[in-house]
Protein chains: 2
Amino acid sequence: MSNERLDELRAKIDELNLQLLKLINERGRLVQEIGKIKDAQGTYFYDPVRERKMLDLILEHNDGPFETATLKHIFKEIFKAGLELQEDDHRKALLV
Amino acid sequence: MSNERLDELRAKIDELNLQLLKLINERGRLVQEIGKIKDAQGTYFYDPVRERKMLDLILEHNDGPFETATLKHIFKEIFKAGLELQEDDHRKALLV
């Protein structure tokens, strides 16, 4: 019985993982578009004030079970990955 | 013009962040339920074979822009947070 329930829960988690993947990549594409605009404007990709604002908004909406510190850590990794994407695009644009 | 577009993109990213938050917390609740079953069964929370399978499925579905290594890193952080949640619940159950 509990093994059936485990399988059910795991199937739900697999589905959630794929939804997360989709959103993370969608976020990546938006971040790339922002990077192109910033590149054209000659402004820095990294914007600590904007990161702070994003985090504040996220944490305001947190109703658990994850704690603030854990979510902060996960989202900082997601932000960093976005920044790296912009920097990669910038380097590739210079090489063309 | 491009500043308007930047604001638009940022609003979309804020929305995506909140969707990510919702899914990550939803995932946390499922992981907690799995933890309770495992606790009752006396099996280990950490299951490297299952983690490998989850990652394989995620990476199979990746169509970018993020690279495999980046997604692996982000998802490992999400998995680790889930494991910590199970371990916290276990400790709390022992203290009751």
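The sequence lines fix the lettering, A, B, ..., with proteins before strands; numbering per chain opens at 1.
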Chemist: Identify which part of Ile74(A) has an atom lying under 4.5 Å from any heavy atom of chain B, answering side chain, backbone, both or neither.
Modeler: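 Side chain of Ile74(A) only, per the 4.5 Å heavy-atom cut-off to chain B.
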Chemist: What residue, out of Met54(B), His73(B), Glu33(B), Lys38(B), has the most heavy-atom pairs lying under 4.5 Å from chain A?
Modeler: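 Answer, by heavy-atom pair count under 4.5 Å with chain A: Glu33(B).
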Chemist: Where do Gly82(A) and Val31(A) come nearest, in terms of heavy atoms and distance?
Modeler: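 Minimum heavy-atom separation between Gly82(A) and Val31(A): O-CG1, 3.4 Å.
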Chemist: Taking all heavy atoms of Gln86(B) and all of Gly35(B), pick out the closest pair and write down the distance.
Modeler: NE2-N, 3.4 Å
Chemist: Can you tell me which of Glu84(A), His61(A), Glu67(A) forms the most heavy-atom pairs within a distance under 4.5 Å of chain B?
Modeler: His61(A)
Chemist: How many angstroms lie between atom NZ of Lys80(B) and atom CD of Glu87(B), to the nearest 0.5 angstrom?
Modeler: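 Answer for the NZ-CD pair, Lys80(B) versus Glu87(B), is 10.5 Å.
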Chemist: Do side-chain atoms of Asn62(B) reach the backbone of Phe66(B) as a donor and acceptor pair under 3.5 angstrom?
Modeler: yes
Chemist: According to a hydrophobic-cluster definition based on side-chain heavy atoms being under 4.5 Å apart (Ile, Leu, Val, Met, Phe, Trp, Tyr only), do Ile13(B) and Leu83(A) belong together?
Modeler: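 Different clusters: Ile13(B) never reaches Leu83(A) through Ile, Leu, Val, Met, Phe, Trp or Tyr contacts under 4.5 Å.
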Chemist: From Lys76(B) NZ over to Ile78(B) CD1, what is the distance, rounded to the nearest 0.5 angstrom?
Modeler: 13.5 Å
Chemist: Please check if atom CD in Glu15(A) has more than 12 non-hydrogen atoms from other residues, nucleotides or ligands closer than 6.0 Å.
Modeler: no
Chemist: What part of Ile34(A) is in contact with chain B, defined as an atom under 4.5 angstrom from a non-hydrogen atom: side chain, backbone, both or neither?
Modeler: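 Contact with chain B: backbone and side chain both.
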Chemist: If you check every heavy atom in residues 16-29 of chain B against those of chain A, which residues fall under 4.5 Å?
Modeler: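 Result: Leu16(B), Asn17(B), Leu18(B), Gln19(B), Leu20(B), Leu21(B), Leu23(B), Ile24(B), Asn25(B), Glu26(B), Arg27(B), Gly28(B), Arg29(B).
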Chemist: For chain B, which residues of residues 39-52 of chain A have at least one non-hydrogen atom nearer than 4.5 Å to it?
Modeler: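 Expected list: Gln41(A), Asp47(A), Arg50(A).
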Chemist: Does the pair Ile37(A) and Leu9(B) meet the rule for a side-chain contact (heavy atoms from CB on, under 4.5 Å), with working shown?
Modeler: CA-CA 11 Å; Ile37(A) 296 174; Leu9(B) 289 165; 3.9 Å; yes
Chemist: Would you check if Phe79(B) and Leu55(B) make a side-chain contact, meaning some heavy-atom pair closer than 4.5 Å?
Modeler: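 With C-beta onward as the side chain, the pair touches.
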Chemist: Among Asp88(B), Thr70(B), Ile58(B), single out the residue with the greatest number of heavy-atom pairs under 4.5 Å to chain A.
Modeler: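 Most heavy-atom pairs under 4.5 Å with chain A: Ile58(B).
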Chemist: With rounding to the nearest 0.5 Å, note down the distance linking CG in Leu57(B) to CG in Asp14(A).
Modeler: 5.0 Å
Chemist: Is it the backbone or the side chain of Lys53(A) that comes under 4.5 Å from a heavy atom of chain B, or both, or neither?
Modeler: neither
